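To start, the structure itself, in structure tokens.
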Amino acid sequence: MSFIVAIDGPAGAGKGTITKLVGEKLGLVNIDTGATFRCVALNMLQEHIDIQEEEKIEKMLNNINIEMHTDGKIFLNGEDVTHRIRENDVNGLVSPVSTLPVVRNKLLEVQRNIAKGKNVIMEGRDIGTVVFPNADVKIYLDAAAEERARRRVLQNQEKGIESSYEEVLKGIKDRDKRDSTREIAPLKKAEDAIYVDSTNLSIEQVVNQIVKIIENNKK
């Protein structure tokens, strides 16, 4: 038997950070669904496959092997790509790749296989609605767009990336619109998900609140 925690929410809500910390506290395997899409984007770059070449993409997906280890390392076809999938060329391709039906269908199968038989925590846009509609715990982590933009600007500053608040806020609002209105697996709160608004909470407060929700549902 496995125990599944699904955390969904918009870009910049802190899902990645919170999921990692909650997973560490509760001994849950943290499955980064975004990394699976990044692996596909990297594989396309490696094989010089264009976004329009659906037949080639489908053939590539039939042979792709994505592994996520408990130490956080990610392997693509046997190669450690943990850092490679965060580089700029992958960043530029991953968003359009994630909208392709052939990619989403394949990765749905991959993500479910990775979680099989494990106690996992998984974050994304459609985990509680599509990937694991029967998850044991579903959480929708949100924050005001203005607060998400403020956090993103601070993250960029820490990484030495120049960006204006106005530019980042517009990008987040545009992303929200794209994610919530796309035809395939749109971003939305599952009916049985517990809503957590992190706008005025510290990371520690959000982690403690979500840990409490999970522990209450384990009883």
Side-chain angles (χ1 to χ4, degrees), residues 5-22 30-41 51-52 85-101 103-104 107-108 111 121-133 138-207 209-210 213:
V5 178
I7 298 187
D8 289 313
K15 299 186 303 297
T17 300
I18 299 302
T19 298
K20 182 175 182 290
L21 293 172
V22 171
N30 177 11
I31 298 177
D32 179 356
T33 57
T36 61
F37 287 100
R38 288 176 173 274
C39 283
V40 171
I51 193 88
Q52 309 294 335
I85 60 171
R86 305 293 171 184
E87 293 180 7
N88 285 338
D89 55 350
V90 176
N91 289 343
L93 185 60
V94 68
S95 185
V97 163
S98 69
T99 65
L100 297 174
V103 172
R104 298 198 74 87
L107 289 187
L108 185 61
Q111 290 156 7
I121 186 165
M122 187 180 283
E123 58 95 356
R125 305 282 195 280
D126 61 352
I127 310 305
T129 53
V130 177
V131 183
F132 287 109
K138 296 181 192 177
I139 290 163
Y140 190 88
L141 181 62
D142 201 2
E146 292 74 15
E147 173 61 14
R148 288 185 278 137
R150 186 190 70 81
R151 293 173 187 172
R152 185 60 55 85
V153 170
L154 288 174
Q155 287 173 350
N156 287 346
Q157 287 173 351
E158 288 169 7
K159 295 174 183 175
I161 301 169
E162 283 191 26
S163 58
S164 71
Y165 171 80
E166 291 76 16
E167 175 188 31
V168 172
L169 179 59
K170 182 181 184 305
I172 280 178
K173 286 182 175 178
D174 289 347
R175 181 73 183 269
D176 286 351
K177 187 174 181 181
R178 282 199 308 272
D179 286 347
S180 60
T181 57
R182 69 189 182 203
E183 285 187 29
I184 299 172
L187 168 68
K188 63 179 181 179
K189 176 183 171 291
E191 286 185 11
D192 53 346
I194 297 167
Y195 185 85
V196 175
D197 185 347
S198 70
T199 303
N200 298 309
L201 301 177
S202 67
I203 289 173
E204 185 180 7
Q205 287 173 321
V206 178
V207 168
Q209 187 172 334
I210 290 177
I213 290 168

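These numbers come from a predicted model, not from an experiment.
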Hey, could you give me the [atom1]/[atom2] distance between [X] and [Y], rounded to the nearest 0.5 Å?
| X | Y | atom1 | atom2 | value |
| --- | --- | --- | --- | --- |
| R104 | D126 | CZ | CG | 5.0 Å |
| I172 | E146 | CD1 | CD | 9.5 Å |
| Q111 | I31 | CD | CD1 | 8.5 Å |

Checklist entry - Is any side-chain heavy atom of L107 closer than 4.5 Å to a side-chain heavy atom of T33? => result no

Item to check | Student check: side-chain heavy atoms of I121 and K20 closer than 4.5 Å | outcome: no

Tell me, please, which residues at least two apart from [X] pass salt bridge (Lys or Arg N to Asp or Glu O under 4.0 Å).
| X | answer |
| --- | --- |
| R175 | D179 |
| K188 | none |
| D192 | K138 |
| E87 | R84 |

Those residues that, when tested against [X], pass side-chain contact (heavy atoms from CB on, under 4.5 Å) (two or more places apart):
| X | result |
| --- | --- |
| I203 | T17, I18, L21, V207 |
| I194 | I213, N217 |
| E204 | S202, N208 |
| S180 | none |

Item to check | Candidate pair F37 and I85, rule side chain to side chain contact (heavy atoms under 4.5 Å, CB included), full reasoning | outcome: CA-CA 9 Å; F37 287 100; I85 60 171; over 6 Å; no

Set of residues satisfying side-chain hydrogen bond (donor to acceptor under 3.5 Å, both in side chains) with respect to [X], sequence neighbours excluded:
| X | answer |
| --- | --- |
| K15 | none |
| K170 | D174 |
| S98 | none |
| R150 | E147 |

Indicate the atoms forming the closest heavy-atom contact of [X] with [Y], along with that distance.
| X | Y | value |
| --- | --- | --- |
| L201 | R151 | O-NH2, 4.3 Å |
| R148 | A143 | NE-O, 2.9 Å |
| A13 | L141 | CB-O, 3.4 Å |
| D8 | G128 | OD2-N, 2.7 Å |
| Y195 | D142 | OH-OD2, 2.8 Å |
| N156 | S163 | ND2-OG, 2.9 Å |

Next on the checklist: Check whether T19 reaches the backbone of G16 with its side chain - one donor and one acceptor, N or O, closer than 3.5 Å.
Outcome noted: no

